[in-house]
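We name chains A, B, ... by the order of the sequence lines, and we start the count at 1 in each one.
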2 protein chains.
Amino acid sequence: MIPPVQALPRSRNAAATREAILVSARKHFARENYENVGLREIAGDAGVDPALVSRYFGSKEALFRETLRDDDKDFMEGATRETLARHFAQLFLDEGDTPQDERDLHIDQILILLHSIGSPKAGEIIRETIDTDILEPIARVLGGQDTEMRAAMAFAVLMGMGIMHNTLAIDPDMCSAEDTDRFEKRLTRIFAAALEPMDD
Amino acid sequence: MIPPVQALPRSRNAAATREAILVSARKHFARENYENVGLREIAGDAGVDPALVSRYFGSKEALFRETLRDDDKDFMEGATRETLARHFAQLFLDEGDTPQDERDLHIDQILILLHSIGSPKAGEIIRETIDTDILEPIARVLGGQDTEMRAAMAFAVLMGMGIMHNTLAIDPDMCSAEDTDRFEKRLTRIFAAALEPMDD
DNA sequence: GACATATGTCTACAGTCGTTGACAAGTTCC
DNA sequence: GGAACTTGTCAACGACTGTAGACATATGTC
């Protein structure tokens with residue numbers, strides 16, 4: 001189903017195999033639940049013995065946490081207070097001008113969040129990640145009243161849409177280009193309602 | 001942690017114990033992942049041998065499906081095209097005039113959906129439930145263009161907010177009554193943006 | 001009371017899981 | 001070439017899971 005991450009025999013190199021395991025783990029966690037991903041599958045796709053995973057990362061939980069780590073991740077980059085709503089809509093619609101592999105990493109990481117959101121063991125890790133890597137950056141860009149509230153609500157919308165689209169695979173059929181256009185317009189309108197300060 | 005559903009010894013009564021198992025299952029699935037809920041826990045809280053669960057419901061999957069079934073469930077009852085946005089906001093804010101136990105059942109069922117959304121085995125069942133029990137009723141009330149799309153987007157918002165609040169327990173701190181008020185206003189505005197027909 | 005049936009329990013199986021410790025095979029350095 | 005170290009494999013443990021079949025016990029009927 002999922003193509004092996006690293007088929008070629010790797011010369012002995014701790015850093016490289018560690019990375020291969022991490023990449024394989026990201027791929028799997030982005031497709032399935034925390035509890036439904038086995039260390040044996042991760043190791044298998046990385047071309048490695050399952051025991052190595054435990055030894056390199058300590059535990060499955062630690063591996064999962066590592067999976068979400070990203071040193072230079074700022075997905076609000078380039079967004080100003082005025083373009084926020086459109087920025088969010090683009091984020092969901094997979095547009096914008098971020099380089100492809102960086103974008104893929106971000107998408108995988110968001111998918112990981114969405115898939116394991118209901119898992120008690122992964123929950124604490126996910127909560128932290130959302131707090132520090134997502135909500136705070138959003139709130140920092142926002143001005144005016146209720147920055148925390150608005151950030152949380154906007155991300156809630158993004159999350160709901162993401163689950164609808166990726167996890168549940170429920171999509172209103174948008175056959176024509178006009179349909180897509182109206183969807184995008186409405187999406188921007190919703191994000192605006194969540195993000196913009198109250199005017200009354 | 002979770003108090004036993006039925007502590008008293010039950011006289012032998014197939015229908016009653018079946019119901020007790022179902023109630024216990026609902027409680028557990030509303031608090032944890034599909035794979036993290038064991039038949040032994042469900043049976044334990046129902047005061048019953050684990051084997052009985054398999055015998056009464058056939059399989060864990062079938063039990064889960066039964067958990068979501070509700071013969072007279074129409075959570076759009078009383079909503080008109082004009083009051084929709086407020087109806088949704090009230091649904092989330094736990095207001096309205098539905099009787100308490102019926103409301104509790106609905107909330108538990110929604111929590112079940114949210115918690116196991118990432119589980120591959122429960123996924124198909126959840127998808128069906130959302131389609132027939134939620135999206136279609138919403139779309140039926142809506143008029144005008146893009147009824148499916150608007151229904152899906154409104155539910156996505158509801159789902160995102162629900163996960164934020166219940167599963168992730170992330171809430172913008174709303175200390176004062178005015179905070180809550182502004183939250184409610186914004187929520188209604190978001191739902192309106194998702195539900196109302198485009199006017200341009 | 002005795003039988004038949006419905007209801008519930010007990011034991012155990014086959015499978016999966018994460019993790020560990022002993023061992024093998026490379027690599028590096030003297 | 002041999003020692004010291006790193007890197008990877010193997011086998012297995014203990015804990016857990018959903019489920020099935022044999023068994024026990026209560027209920028209902030004659």
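- DNA chain D lies under 4.0 Å from at least one heavy atom of each of the following residues of residues 54-62 of chain A: A/Arg55, A/Tyr56.
- Between the C1' atom of C/dG18 and the CD atom of A/Glu35 lies a distance of 13 Å, rounded to the nearest Å.
- Atom CD1 of B/Ile42 sits about 9.5 Å away from atom CG of B/Leu22, to the nearest 0.5 Å.
- Rounding to whole angstrom units, CG of residue B/Asp49 and P of D/dA24 are separated by 15 Å.
- As rounded to whole Å, 11 Å separates atom P of C/dT20 from atom CG of A/Leu39.
- For the pair A/Ile21 CD1 and D/dG8 P, the computed distance is 8 Å after rounding to whole Å.
- Remark: C1' of D/dT17 and CG of A/Asn36 are 13 Å apart, rounded to the nearest angstrom.
- Contact of B/Arg12 with D/dT25 (side chain to base): a donor-acceptor pair of N or O atoms is detected under 3.5 Å.
- Checking D/dA12, C/dT20, D/dG18 against the side-chain heavy atoms of A/Ala51 singles out C/dT20 as nearest.
- Nearest approach of B/Arg81 to B/Val141, heavy atoms of both residues: NE-O, 3.8 Å.
- Of the candidates B/Arg18, B/Lys60, B/Arg26, B/Arg18 is the only one forming a salt bridge (charged side-chain N to carboxylate O under 4.0 Å, His left out) with B/Glu66.
- Here C/dC17 presents its C1' atom at 15 Å from CG of A/Leu63, a figure rounded to the nearest Å.
- Atom CG of B/Asn13 is separated from atom P of C/dG8 by 8 Å (rounded to the nearest Å).
- Atom P of nucleotide D/dG21 and atom CG of B/Leu52 are separated by 16 Å, given to the nearest angstrom.
- Checking D/dT17, C/dT9, C/dG18 against the side-chain heavy atoms of B/Glu41 singles out D/dT17 as nearest.
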Show the atom names and distances, to 0.1 Å, of all donor-acceptor pairs under 3.5 Å that link a side chain in residues 148-165 of chain A to residues at least two apart or in another chain.
| unit_1 | atom_1 | unit_2 | atom_2 | d |
| --- | --- | --- | --- | --- |
| A/Arg150 | NE | A/Leu195 | O | 2.5 |
| A/Arg150 | NH1 | A/Gly143 | O | 2.7 |
| A/Arg150 | NH1 | A/Gln145 | O | 2.6 |
| A/Arg150 | NH2 | A/Gly143 | O | 3.2 |
| A/Arg150 | NH2 | A/Leu195 | O | 2.8 |
| A/His165 | ND1 | A/Asp171 | OD1 | 3.0 |
| A/His165 | ND1 | A/Asp171 | OD2 | 3.0 |

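- A single hydrophobic cluster is not seen to contain both B/Ile21 and B/Leu105; linkage of ILVMFWY side chains at heavy-atom distances under 4.5 Å, directly or through other members, places them apart.
- The structure places CD1 of A/Ile170 at 5.0 Å from CD1 of B/Ile130, a figure rounded to the nearest 0.5 Å.
- Closest approach of B/Arg127 and A/Thr167 over heavy atoms only: NH2-O, 4.0 Å.
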